[in-house]
Structure formats: C-alpha cells, structure tokens
Number of protein chains: 2
Amino acid sequence: MTLAGVRAELVAVVLTADGDRLGVLAAGSPLHLPSGPLRTDHHSLQAGVRAFAQEQTGHRLGFVEQLYTFADLDRQAAGERMVSISYLGLTRAALDDGWQNVYRLLPWEDRRTDASSADAVLARLRRWARSGVRRERVAHLFGVDGEVWRPELALQRYELLWEAGLVGESPSAADVSELSGAAMALDHRRILATGLSRVRSKLQYRPVVFELLPETFTLGRLQQVVETLAGQGVHKQNFRRAVEQQHALVEPTGEMTHATGGRPARLYRFRGDVLTEREQAGTKLPIPRSR
Amino acid sequence: MTLAGVRAELVAVVLTADGDRLGVLAAGSPLHLPSGPLRTDHHSLQAGVRAFAQEQTGHRLGFVEQLYTFADLDRQAAGERMVSISYLGLTRAALDDGWQNVYRLLPWEDRRTDASSADAVLARLRRWARSGVRRERVAHLFGVDGEVWRPELALQRYELLWEAGLVGESPSAADVSELSGAAMALDHRRILATGLSRVRSKLQYRPVVFELLPETFTLGRLQQVVETLAGQGVHKQNFRRAVEQQHALVEPTGEMTHATGGRPARLYRFRGDVLTEREQAGTKLPIPRSR
DNA sequence: TAGCAAATGCTCACAGTGAGTATTTCCGGC
DNA sequence: GCCGGAAATACTCACTGTGAGCATTTGCTA
C-alpha cells in the first residue's frame, strides 16, 4: 500500500454576465483558470477561494459553491499527487481583458442565435456517432431527433465531445481548433463546463442570478442575464409570469426606469430572504398532498 | 503565505435498502464511516473508493458518486491539513451488524409513519425558532406552516439542527442524545446527511435505485425501495403510472411472481440504456417548444 | 367458499405551462 | 406635433402533467 504525497490546490470558475456575453476569468496561453495552493491561513475552502480570487484578480466573489474534486493520476507530478478542488464563483464585472467569453471556449453551448458553430460540431458528431448507442447519446445531449436541448447538460456534452476527439485537448483530437476555440490548460475546459452545468442547474429551480445583477433591475435585464447563462432565449411573457408568481423572489421597488428604449419599465429588487439560499426544487415523486 | 502540508483521505457513505430499512456502513464507537487514505495505486478517486470499500467491508459498490470535499481548519491535525473527499456508494446487501439504520441516526428524516420522533425534534426546534427568520427556515425545511416537506433537504435540516444544538455533536448541544441517536465521529453525521440528500435528489429525476434491487423486481418492490430512500410514502397508482410512462426506464420481463401475498405481480427489469446514466431533469425555464 | 391482500385499470378535476394576441407608453426622427 | 419603432405590460386559451380516488382482477389462506 502506497501512501501518496499530496498537494492541494483550489481552482475557480469565476463567471460574470455582461449584457449578452458570459465571461470567465482566465489568462495565459494556454488559458488557465485562476488557481492557487491551499493555505493554512484559510479558515475554510470557501474562504480560500474568495481570498485568492480577490488577490489574483481583484474581483470579490458573491456566490461561491464547490464544484468537484479532481485527483486522477494524470494530474500527478513528480511523485506528489495533485488534488484540485474546483469552485464556482459569481461576480459582477464588466468584461475587460482578464475575461474570456465562455461561448468562444464552448461555442456549442450558445443556442441564442442560429447556431452556425453548433451546427459544425453537430455535423462532426454525427459522423462519429453512426452506431445506435452513440447516436442516442448525441440525440439526448444535443437535443436532436426529437429530443429537447437541456442547457444544464453542458458537462456531459463536453465529455462526449472529448470522447469524440472534437475538442483541442482530446487525446484523439485532430484539426479541431476551429471548433473549440482557444487552447486551455490541463482539464480546465472540463472544469469550466462543470461550472456552466452547475450554474445552469441552479437556474432551473431558482434564478440564482442576483449576484450578477445590480441592486435594482428591470425584468428585461433579469431575463437577459438568464438567457446569457442558459445560452438560450426564453418566452418573455411567460418568464415574467414565472418570476412574478415566484413570490418571495423579487419585489418592485416602486421606481421606473426610462433607459430601456421602449416603454418605461418597473424596477425590481431581490427580496432579502432569497439570499438565505433556499435550496432545491420540487420533487417528482407522486407524493400525496395531504398529511 | 503559509503552504499547508496536506493529507488526503476518502470517506464513503455506503447505502443499501433492505425492505423498509435504509442501511449505512459504519462501525465503532463513536460510529465511523468507512474511510481510508488516498493511495497512489488508485487510478482515480472513484477507483480508490471502490477499492477501499471492498477491502474494508467486503461490499462491491454499484453506483459511486462524489459528494463533497471537506477541509476546514477544525479537521486539521498537527500542522497537517486533512482533506476529506466524501463519496456516495450504493450496493445491495442484507442488513447485518456492519450496517447501521440511517433512520436511527437521522430519525427526523423518516416520515413514513406518524413520526413521533420527528415531532420531538420539531417541538425543540420551535422553541429555538421564535424569531421570524428562524421560524421561516424551520417551516421551509420541515414542511410545517403550509410549506411542504422536501425529502432532499436532509442536509439543510441537519445543518439547522446542528445550529440549534439538537444533535449530539453540536457545540451547543445539551441533553439531546435521545433525539439524534448514536454518537458519530467528527462530522460523519453531516456527511451521511449529505449522502442522503444526494440520493434523494437523484431520485427525483430518475429512480436511480437499480443498484439496490435485484435483476428483476415488481413495481411494488421498486416502490418500497423508493419509499425507503425518500423516507416517505408515495401514491401507488400514480407511482406506477410515472414509472411506466417513463419509457426507457423499466420493461416487463414477461414473467410473474406469486410471492407478493396478493394478486401475482409482473416482473420488471431496468432497461440497459438507463445504466448509461442519463443526467438531470427538465428545465423550469419557460423555453419555447418550437425551434 | 369467503375474505383478504396486493396488483392492476381507469376516470376526473385542476394547476401549471407553452403560446399567441393585444395594448400601453416611452423615444427619436421628421 | 405626428408617426413608427421598441420595449413593457396585460390577457386569453388550449393542453398536459399530476394528485386523488374508485373499481376490478386474481392469487392465497382460513
């Protein structure tokens, strides 16, 4: 039995939504997500993430949540095993040169437009997936052949593309640089996909986007942020209905803004008790209403 | 900047359902979840969990999934920081003395009966939660005052009880041994609650319980396992309807069993493609059907 | 043979949700 | 000052999913 020498590091997927663009903090070539060693002066992992993110990037993280811990052997360096604990962080910032556009790093995840880049990936995928099982998987993950597109499956889509050799870092990758955009270090694109999946999942049961919006906002702004994260347009009228019905989520401030280009819009703010992180969605089990 | 010396260990929440009892592997006094150091001969973390679980307990794990990584300072020993990577594992076994009954360690999580133990906890909680915010939290998590009980909030309920000093390991705990059952080491009860939350969450979008059932089974058996995990009874007819509608989940084998005590029941098996882990549920966003 | 137990079959009402139409109210340009 | 565009806001409608309950089947056991 061989005990491993271990080094531990934190890796952060820091996202921000600026208009219709989704940004992630990453720098260098190949691109690295911000990361740093685990230190003893961090009270907790979360505190560690907040601290080094602020030090390295100058951005204060609002929402922080653990994603996944990686420690596969291929991350091992010189006899010491590397344990990477990845975190998702949301912050509010304008996209400058510290930020990368997520939808250039995972182009197939943006379905807001007519998705020409997605089509390119899909065409290559179809060639790879001739057999039944692969084909079903493609259909399920990419929402074709009668299946629906699910934004939150970003990680599984990445994994499928990796298997198919359609992202730059695949072992079997050939000429795919135009499909997956800029090179990313190690498995950082996978970690990014994990973060995107997570934030989209959270979006489903509660618009956990208040970290990405100013104090007050219009429903149109809120919808835009949601669409930016989901990578997909939503039905405007129904979106407002859903948000407004979700009592205890937002409330009108009473003020209006005229800066929308059309009819003036009511301003809203998130209600305080939303901040106490109400977790999780309704069950799908047929549970009796009574009792 | 102080770099931490780090030790890494794996901790497993291994669950099994035996009839109406939910079992978790734990031994010793106080009870320890099975755990072991991270070793270099493990290809991956998952492989490591499978290996040491099999070595320590003799049980082969079916489903395995990472839960959470803990590394708070209070887990630190002698200058070396301990990073605990916890995993959920499901297996099929009969409850013998290696197993503990989950609903004795988290008694308030069992709502299948008239829940006298849950009432005891709730009474203490109400005394603790007089103020508005606390009261709302209690209502939300414990499904009182018009709110519904959500099985998958097990972790948040544990955390609330911990804050309220109503579990044995709370810093502010008084005479609560009768509420939370046997003592558990470190934060192992929290990790157990995390595992329970996770398995219940997964249950919502897909009955990921085939690891807990034999090759073939009746819908009644399936329902019993689901109820055991969820800690809650479900509506029988609607449960069958849900399962049967969920095409591609189960299929009848064509055989019947007479061992049910009533009318003979059709036997079912899980369909093969379920095993390829179709992730995640339908979105709650009002996304247009067309396109 | 009666009665029980569990499985199975079927109906119904209602809430939630996707979708579409219509109306209001500002701005900018002419 | 008037007109068209843009966005916000308001309402309606059909359909489906889901909670609930009633009814029937079919074995076993007393």
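Naming: A, B, ... by sequence-line order, numbering from 1 per chain.
- Not a single donor-acceptor contact under 3.5 angstrom links the side-chain atoms of A:Q237 to the base of D:dT12.
- The side chain of B:R266 sits closest to C:dG9 out of C:dC27, D:dA8, C:dG9.
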A:Q224/A:R221 under side chain to side chain donor-acceptor pair (under 3.5 Å): CA gap, chis, key distance, verdict: CA-CA 5 Å; A:Q224 191 188 31; A:R221 283 300 283 164; 2.6 Å; yes
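- Checking the phosphate oxygens (OP1, OP2) of C:dG9, no side-chain nitrogen or oxygen of B:R263 falls inside 4.0 Å.
- Atom CD of A:Q224 is separated from atom C1' of D:dA7 by 13 Å (rounded to the nearest Å).
- Residue A:R269 forms a salt bridge (charged side-chain N to carboxylate O under 4.0 Å, His left out) with just one option from A:E255, A:E215, A:E251, and that option is A:E251.
- Rounded to whole angstrom, the span from the CG atom of A:L219 across to the P atom of D:dA6 amounts to 21 Å.
- Using a 4.0 Å cut-off between charged side-chain N and carboxylate O, A:R266 and A:E244 make no salt bridge.
- Put simply, CD on A:E244 is 13 Å from C1' on D:dC11, counting in whole angstrom units.
- Rounded to an integer number of Å, the gap from B:Q245 CD to D:dT16 P is 12 Å.
- Rounded to whole angstrom, the span from the CG atom of B:N238 across to the C1' atom of C:dC14 amounts to 14 Å.
- The residues B:E109 and B:R157 are annotated as salt-bridged, a charged nitrogen and a carboxylate oxygen being separated by less than 4.0 angstrom.
- Listed nucleotides D:dC28, C:dG18, C:dT25 differ in distance to A:R241; the shortest reach to its side chain belongs to C:dG18.
- For an aromatic pair to be called close, the ring centres must be under 6.0 Å apart, and A:F270 with A:F217 satisfies this.
- At the phosphate of C:dT8, neither OP1 nor OP2 sits under 4.0 Å from any side-chain N or O atom of B:K236.
- For the pair A:T194 and A:V13, the minimum side-chain heavy-atom distance is 4.5 Å or more.
- When rounded to the nearest whole Å, the span between NE2 of A:H258 and C1' of D:dA8 equals 12 Å.
- Taking atom CE on A:M256 and atom C1' on D:dT9, their separation rounds to 10 Å, with Å as the unit.
- A close approach under 4.0 Å does not occur between any side-chain nitrogen or oxygen of B:R240 and OP1 or OP2 of C:dA6.
- For D:dG21, neither phosphate oxygen OP1 nor OP2 lies less than 4.0 angstrom from any side-chain nitrogen or oxygen of B:H235.
- A salt bridge is absent between B:R92 and B:E211: the closest approach of a Lys/Arg side-chain nitrogen to an acidic carboxylate oxygen does not fall below 4.0 angstrom.
- Atom OH of B:Y268 is separated from atom P of C:dA7 by 11 Å (rounded to the nearest Å).
- Axis angle between the ends of the helix from C:dT1-D:dA30 to C:dC30-D:dG1, five pairs each and rounded to 10 degrees, works out to 10°.
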